[in-house]
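Here is the structure we will look at, set down as structure tokens.
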There are 2 protein chains.
Amino acid sequence: MGSTDSTGSSGAPQPEPREKVASGQVQSVDRAIELLELMADAGGEAALSELAASTGLPLPTIHRLMRTLLSRGYVRQLPSRRYTLGPRLIRLGESAGRQLGAGARPYLTALAAELGETVNLAMIDRDMAVYVAQAASRHSMRMFTEVGRRVFTHATGVGKAVLAQLPDATVLEIVARVGMPAATPQTITDPQALLTELATIRERGYAIDDGEQEIGVRCFAVEVPGAPTPTALSISGPSARVGYDFAETAVPVLHRTAAELAKELISPGA
Amino acid sequence: MGSTDSTGSSGAPQPEPREKVASGQVQSVDRAIELLELMADAGGEAALSELAASTGLPLPTIHRLMRTLLSRGYVRQLPSRRYTLGPRLIRLGESAGRQLGAGARPYLTALAAELGETVNLAMIDRDMAVYVAQAASRHSMRMFTEVGRRVFTHATGVGKAVLAQLPDATVLEIVARVGMPAATPQTITDPQALLTELATIRERGYAIDDGEQEIGVRCFAVEVPGAPTPTALSISGPSARVGYDFAETAVPVLHRTAAELAKELISPGA
DNA sequence: ATTCACACTTCCACTCAGCGGAAGCATAGG
DNA sequence: CCTATGCTTCCGCTGAGTGGAAGTGTGAAT
């Protein structure tokens with residue numbers, strides 16, 4: 001992205017660039033996606049008029065787009081005429097998750113088995129980090145997988161490991177957009193402190209999250225080098241079990257696995 | 001696919017009705033969705049030219065659509081320039097799943113606890129049944145949830161319970177489109193036999209799947225009456241534990257829960 | 001029971017977004 | 001180095017998409 005901007009200097013009688021769809025893209029598709037996202041933000045349900053209010057688009061336009069989504073099963077319509085996200089999206093999401101976590105799973109499972117703690121793979125999605133695969137340790141078998149969950153980048157191991165792959169300017173843009181809320185007293189909440197931390201991470205070769213996301217949980221994370229989308233691999237567990245000495249064992253294994261994962265992600269099945 | 005073929009004979013200058021998008025819908029959105037679906041069918045990954053071949057659309061058109069999806073994170077692009085489904089879809093699918101299984105989960109969990117077997121909620125999606133929520137029994141804790149999985153309607157308890165809510169003509173259309181492959185020797189593979197079975201289900205008030213999907217697994221399923229999309233609730237387990245006498249206990253509870261679910265699905269949180 | 005108000009849906013003519021043929025680039029293979 | 005293949009950009013034409021206005025249904029108020 002970051003395409004047609006910053007060159008607003010010329011005094012040409014520009015007809016107001018605004019926040020239009022980046023050129024070379026399809027307006028109606030972009031709008032349809034915006035509607036889906038809005039519904040997701042609203043908890044998966046919305047009325048037509050609510051969508052109109054949020055987007056500023058005229059009702060007939062939205063209605064037509066929703067009809068299209070409806071016929072494809074991407075949204076459903078309740079008897080109250082309100083819309084909800086549809087069953088077909090589950091399938092797509094599953095497929096995407098499988099694709100992303102595809103070759104990854106065996107590596108993660110092996111890693112979790114070897115180190116005995118929970119392993120996560122996450123990549124950046126807009127301004128957040130999204131978990132795309134997980135191998136749980138036997139200790140904490142959770143009913144609900146974390147896959148699909150989005151977390152702030154500044155407050156998690158994987159998040160910081162991902163940010164460390166980006167230029168500082170981009171990092172600042174991200175935190176400017178989404179902010180840096182504190183999840184715990186340990187969370188980094190200052191942009192400059194974050195940049196310093198990222199420099200340390202690049203130097204050291206791995207990120208540490210020491211109760212910054214959840215008190216009592218420590219996490220070591222490394223980048224997956226050369227992944228198509230900035231990606232990170234982490235291992236985490238209770239501070240009691242996951243001490244700093246644990247890093248000496250874990251980090252080399254993480255790096256090795258990350259390198260293998262990189263190959264797998266770039267040319268699947270190769 | 002199968003679009004502009006076979007009718008090469010007539011010399012009439014017919015503007016060719018074809019398999020157009022139903023009127024009042026948005027062509028480009030429909031096409032974008034088709035691309036996503038194709039990618040999912042192809043295992044989550046495809047090259048531009050493959051998509052062109054499958055859809056019959058010209059390359060530039062597809063390229064533009066993919067660019068839009070790309071910028072929204074609905075697809076990613078590998079260094080090989082091939083496309084894969086993107087991380088953002090996971091989030092959407094999660095949200096859709098949460099929405100669909102929303103109020104349902106507590107009911108399912110209670111039901112699973114009360115009856116001690118795995119409970120599933122499924123709804124129809126095109127020509128298949130898709131699981132939208134599950135509460136597993138303690139017996140068989142699976143690593144991978146079944147949520148999102150799509151199954152044939154004719155070979156499963158939930159499937160048949162869903163079909164029983166549809167007119168025979170619609171049922172025949174569905175099986176004509178997707179066929180009736182046998183999952184086990186018990187699977188119903190004849191359309192007429194299926195219609196007879198559905199009549200029995202409507203009469204009896206619940207569906208039985210006796211090893212038709214998987215040998216040794218029995219399942220009782222009831223419709224969720226008045227759901228916006230035809231939906232069914234089932235309980236299933238090994239034939240050894242789930243005998244026919246079990247139905248006497250289970251079915252009334254299933255019916256009661258289904259009725260409660262119906263209310264919940266129609267007006268969430270009410 | 002009747003009216004009113006609101007929200008959704010359909011209609012239709014204008015027009016600009018989207019389309020796709022053709023030309024331009026990269027990248028892999030010879 | 002050259003060729004082949006497949007992706008990407010360009011650009012003028014046009015019909016798909018748009019959105020104002022009118023219609024319809026539903027639920028609340030009187």
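Treat the numbers as computed from the prediction; the structure is a model and nothing was measured. Side chains are part of it too, since the values below use all heavy atoms of this structure and drop only hydrogens, waters and symmetry mates. Within every chain, numbering begins at 1; the chains are lettered A, B, ... in the order of the sequence lines, protein sequences first and strands thereafter.
Checked by atom type, the side-chain pair B/Q77/B/Y83 shows a donor-acceptor distance below 3.5 Å. In this structure, a donor-acceptor pair under 3.5 Å is present between the side chains of B/S71 and A/Q25.
The side chain of B/S28 places no N or O atom within less than 4.0 Å of a non-bridging phosphate oxygen (OP1 or OP2) of D/dA16. In this structure, B/T61 does not reach the C/dC19 phosphate: none of its side-chain N or O atoms is under 4.0 Å from OP1 or OP2. Note on B/S49: a side-chain N or O is less than 4.0 Å away from OP1 or OP2 of D/dC7. OP1 or OP2 of D/dG19 has at least one side-chain nitrogen or oxygen of A/R31 nearer than 4.0 Å. Listed pair B/H63 / D/dC7 fails the phosphate criterion, with no side-chain N or O lying under 4.0 Å from OP1 or OP2.
Regarding B/L48, its CG atom lies at a distance of 14 Å from the C1' atom of C/dG20, rounded to whole Å. Rounded to a whole Å, the CG atom of B/D30 is 14 Å from the C1' atom of D/dG17. The distance between atom CG of A/L78 and atom C1' of D/dT26, rounded to the nearest whole Å, is 16 Å. Following rounding to the nearest Å, A/R67 (CZ) and D/dG17 (C1') show an atom-to-atom distance of 15 Å. Taking atom CG on A/L59 and atom C1' on D/dG19, their separation rounds to 10 Å, with Å as the unit. Atom CD of B/Q25 is separated from atom P of C/dG18 by 17 Å (rounded to the nearest Å). Per the geometry, CG belonging to B/L51 stands 12 Å off P belonging to D/dT8, to the nearest Å. Atom pair A/L35:CG and C/dC8:P shows a separation of 13 Å (rounding to whole Å applied).
Side-chain atoms of A/R64 come within donor-acceptor range of the base of D/dG19, with a qualifying N/O pair under 3.5 Å. Side-chain to base pairing of B/R82 with D/dG6: no donor and acceptor N or O lie closer than 3.5 Å to each other.
Salt bridge annotation for B/R202-B/D168: present, with a cationic side-chain nitrogen under 4.0 angstrom from a carboxylate oxygen. With respect to B/D125 and A/R91, no salt bridge is recorded, no charged nitrogen being found less than 4.0 Å from a carboxylate O.
When distances are taken from the side chain of B/R81 to each of C/dG18, D/dT18, D/dT8, the shortest belongs to D/dT8. Of the candidates D/dT9, D/dT18, D/dT8, the closest approach to any side-chain atom of B/Y83 belongs to D/dT8. Of all nucleotides listed (C/dG18, C/dC8, D/dC7), C/dG18 comes nearest to the side chain of A/Q27.
When the nearest nucleotides of DNA chain C are assigned to B/P60 and A/Q77 by heavy-atom distance, the more 5′-ward of the two goes with A/Q77.
For the side chain to side chain contact (heavy atoms under 4.5 Å, CB included) with B/P230, the qualifying choice from B/L166, B/V224, B/T170 is B/L166, the only one to do so.
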